[in-house]
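Throughout, protein chains are lettered first and strands after them, A, B, ... in sequence-line order, and every chain is numbered starting at 1.
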Protein chains: 2
Amino acid sequence: MSPTKMPTERTVTLKDVAEHAGVSPMTVSRALNKPATVSETLRARIGASVESLGYVQNLVAGALASAGSNVIPVIVPSLSNSVFVEVIAGIQDVAQAAGYQLMLGNTEYDLDREYGAVSTFLGWSPPGMIIAGMRHLDRTRNLLKRWGKPVVEMMEYGTQAIDMNVGLSHYKAGETMATHLVTQGYREIVFIGCRIQADYRAAQRYKGMDRILARHGLHRREPISYDGPSNWALGGDALMDVLEATPKVDAIFFANDDLAVGAILRAQREGVAVPKRVAIAGFNGLGLADLVQPGLTTIMSPRLEIGRVAARQLLDRFAGHTPAKRRVDVSFQLQVRGST
Amino acid sequence: MSPTKMPTERTVTLKDVAEHAGVSPMTVSRALNKPATVSETLRARIGASVESLGYVQNLVAGALASAGSNVIPVIVPSLSNSVFVEVIAGIQDVAQAAGYQLMLGNTEYDLDREYGAVSTFLGWSPPGMIIAGMRHLDRTRNLLKRWGKPVVEMMEYGTQAIDMNVGLSHYKAGETMATHLVTQGYREIVFIGCRIQADYRAAQRYKGMDRILARHGLHRREPISYDGPSNWALGGDALMDVLEATPKVDAIFFANDDLAVGAILRAQREGVAVPKRVAIAGFNGLGLADLVQPGLTTIMSPRLEIGRVAARQLLDRFAGHTPAKRRVDVSFQLQVRGST
DNA sequence: CTGAAAGCGCTTACAG
DNA sequence: CTGAAAGCGCTTACAG
């Protein structure tokens, strides 16, 4: 009874449907793909044949014959980060509604793997591609440029896009948060994140912060970076570590809200007064940021929006228009709450 | 300079590489797909030609000729639920390492859309498929059965699998939590979730709980169901609602940890004593459950594990073995913490 | 170890 | 509105 053992019945093809309906394969193809070009009588007859034979279109053959498919590859650096997941959900919303399928690639923040994913995906003759980030290997950029089809680089906003681009300036986000902290009177500020070497968007936020600290003549510190993906518990550990190692720190800018929320929950349990003893700030704008006590000061990044815009930019180009904006800065918003 | 305007250079094909290297296309195909079957001299020459021409294999043509691709469709009911995302990450881990790509389908808990996704995906001649849940339309089941290739139904564990299956019994999970609550002395227990009509796994947890309440002769209540996807804030609102509407409730079993954590955070802010005034329990085992105060009593479900096992079951079958177990019960674990 | 032939199941482009 | 021919770019199955 194992399915592999079942004698697989010969696949039903267009030709079978055509014979069953007494028309040519071409007519069946039209009835299926451009119903309006086929007379109603035939359309009905063909529909009945499709139904009774259990015909399923072979999309692979279709893609080969027409040199194009409706599958859009999406390449992200991580799936353990909820941010990318939300972006993917945004892309799905728009793409699936327009009849496109998503193919998923995960690079684990490795640019060589990114190249591999890109070149494999190109082999599927997709109509376009969405890729996270604007830093790639030269050969990846060249491959995509030579390819010539629509490409959206998302998450960050920049001037050197391969083609289209949607995101925000992480550097400015870092500046904004740092300015807020300095204005609030904090003087000993530290940045804490995970795999900052690879997650260069986090690194850009650090640099934005560092610039502001420099401008104000404040103490500048190297960012503290932990290995592995970030999670809530780690934020709490990081908080306790830094308070012990560098007691005079009076504010922490975490690379993301997961870490920052974890830190606030831990502070509460350990009796560390936030923001009195130490202020805590994050980045992303998770729903949770507003529920902990004190509320987390953070920067809202429009993740769903980034995904939706990326998909729309692609769809616009598929439809032949130049999208209204080839580069979209979705910006961000500082949310000040009790933690700072 | 828009990529669409660039005169797309003719695609480089196998034949081009063959001519460049002075061999037959067949030899190039072998060098690429089964390097061991080609002499080293030729392999090197072909590699050089591939490099210099910038050849990218056309996977669509390959899939058509060999009647199979390396793309595995994964169909889930939601992407806004972090549970499915983790499962997908687990599948990716295993599948991508083995050279398979994932194609993503989201049904939004709609069985008709599920049927659509399944039949579209079949058109891509995948070697197998992974689908969440064991409840489908009859025609979906029939389509997959007739298809005859490996199919894994994941998330729940059951006896009526189309083919292979990995998950856990949500009914038993509900029984387990209810038994715990009753043992702790709670008597007025209510179940709160989101779109319980569609999310029948949550409904099964409710039923498991209901059975235990009945057995103990306790007050049985209809589950409370909110529309739309669950989120942290909603859990807090639900808590306040139920305390006002049904003051004698002394324990809440939330359909998931997102809701339950939200409820605990809200209780803390509103000065509702947990578990004294009301006990709170969840389901999933999010990392956050251990960080809030009091810690959340919940049921750990091995989400990454489910994904990994599903992928491995598929890979086993691709390799021709019957997997060790065709149906895998990954089970679950009750985690008792301060909230009950 | 290498190659010539046939074909995978569609769609494009041309006729009528 | 409908159809016969050619071809998309590979791989399978057979020879040598």
Side-chain angles (χ1 to χ4, degrees), chain A residues 8-47 49-50 53-71 119-120 122-127 147, chain B residues 8-47 49-50 53-71 119-120 122-127 147:
Chain A
T8 311
E9 310 139 39
R10 203 178 59 74
T11 345
V12 180
T13 69
L14 247 204
K15 215 174 137 199
D16 299 322
V17 177
E19 278 167 14
H20 185 104
V23 296
S24 77
M26 208 37 243
T27 304
V28 179
S29 171
R30 287 200 188 94
L32 261 30
N33 300 318
K34 296 174 190 168
T37 65
V38 174
S39 72
E40 190 164 336
T41 345
L42 281 189
R43 217 187 306 151
R45 212 159 81 208
I46 291 169
S49 299
V50 165
L53 294 177
Y55 171 65
V56 173
Q57 254 190 84
N58 186 324
L59 270 15
V60 175
L64 179 57
S66 66
S69 76
N70 64 344
V71 175
S119 67
T120 300
L122 289 190
W124 283 102
S125 314
W147 185 45
Chain B
T8 311
E9 311 140 39
R10 203 179 58 75
T11 346
V12 179
T13 70
L14 246 203
K15 215 174 137 198
D16 299 321
V17 176
E19 277 167 15
H20 185 105
V23 296
S24 78
M26 209 36 245
T27 304
V28 178
S29 170
R30 288 200 188 94
L32 260 30
N33 300 318
K34 297 173 189 169
T37 65
V38 173
S39 71
E40 189 163 337
T41 345
L42 280 190
R43 217 188 307 150
R45 212 159 81 209
I46 291 169
S49 298
V50 165
L53 295 177
Y55 172 65
V56 172
Q57 255 190 86
N58 185 324
L59 270 15
V60 175
L64 178 58
S66 66
S69 75
N70 65 346
V71 175
S119 67
T120 301
L122 289 189
W124 283 103
S125 313
W147 186 45

>> Evaluate B/Trp124 against A/Val71 for side chain to side chain contact (heavy atoms under 4.5 Å, CB included), listing each step before the verdict.
In response: CA-CA 10 Å; B/Trp124 283 103; A/Val71 175; 3.4 Å; yes
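- A/Glu40 places its CD atom 14 Å from the C1' atom of D/dC1, with the value rounded to the nearest Å.
- Residue B/Tyr55 places at least one side-chain N or O under 4.0 Å from the OP1 or OP2 atom of D/dC10.
- Taking for each of A/Ala63 and B/Ala36 the nucleotide of DNA chain C with the nearest heavy atom, the 5'-most of the two is the partner of B/Ala36.
- Taking 4.0 angstrom as the limit, A/Ser29 places a side-chain polar atom (N or O) nearer than this to OP1 or OP2 of C/dT11.
- Nucleotide C/dG9 holds its P atom 17 Å from the CG atom of A/Asn33, rounded to whole Å.
- Rounded to an integer number of Å, the gap from B/Lys15 NZ to C/dA5 C1' is 14 Å.
- Side-chain atoms of B/Ser29 do not come within 3.5 Å of backbone N or O of B/Pro25 as any donor-acceptor pair.
- Between B/Leu53 and B/Asp16, the shortest heavy-atom contact is CD1-O, 3.8 Å.
- The nucleotide whose nearest atom lies closest to any side-chain atom of B/Met26 is, among D/dC8, C/dC8, D/dA13, D/dA13.
- Between B/Ser39 and C/dT2 there is a side-chain polar atom (N or O) within less than 4.0 angstrom of OP1 or OP2.
- Put simply, the side chain of A/Arg30 never gets that close to the backbone of A/Thr37: no donor and acceptor are under 3.5 Å apart.
- Ranking D/dC1, C/dC10, D/dC10 by closeness to the B/Asn58 side chain, first place goes to D/dC10.
- Residues A/Leu32 and A/Val50 have side chains in contact (heavy-atom distance under 4.5 Å, counting atoms from C-beta outward).
- The separation between A/Leu32 atom CG and C/dT12 atom P is 13 Å, rounded to whole Å.
- In the set C/dC14, C/dC10, C/dG3, the nucleotide with an atom closest to the side chain of B/Ser24 is C/dG3.
- For B/Leu14, taking side-chain heavy atoms from C-beta onward, the closest of the listed nucleotides D/dC10, C/dC8, D/dT2 is D/dC10.
- Each of C/dC10, D/dT12, D/dG9 was ranked by its minimum atom distance to the side chain of B/Ser66; first place goes to D/dT12.
- Distances were taken from every side-chain heavy atom of B/Ala61 (C-beta onward) to each of C/dC10, C/dC14, D/dG9; the shortest belongs to D/dG9.
- Comparing D/dG3, C/dG9, D/dT11 against the side chain of B/Gln57 picks out D/dT11 as the nearest.
- Comparing D/dT2, D/dC8, D/dT11 by their nearest atom to the side chain of A/Thr27 picks out D/dT2.
- For the pair B/Leu59 and B/Arg30, nearest-nucleotide mapping onto DNA chain D gives the more 5' position to B/Leu59.
- No side-chain heavy atom of A/Thr13 sits under 4.5 Å from any side-chain heavy atom of A/Asn58.
- In this entry the distance linking CG of B/Asp16 with C1' of D/dG9 reads 11 Å, nearest Å.
- Rounded to an integer number of Å, the gap from B/Lys34 NZ to C/dT2 C1' is 14 Å.
- Here B/Val60 lies out of heavy-atom contact (under 4.0 Å) with every strand.
- Figure legend. C/dA15 is base-paired to D/dT2; pairs are counted as Watson-Crick or G-U wobble with both atom distances under 3.5 Å.
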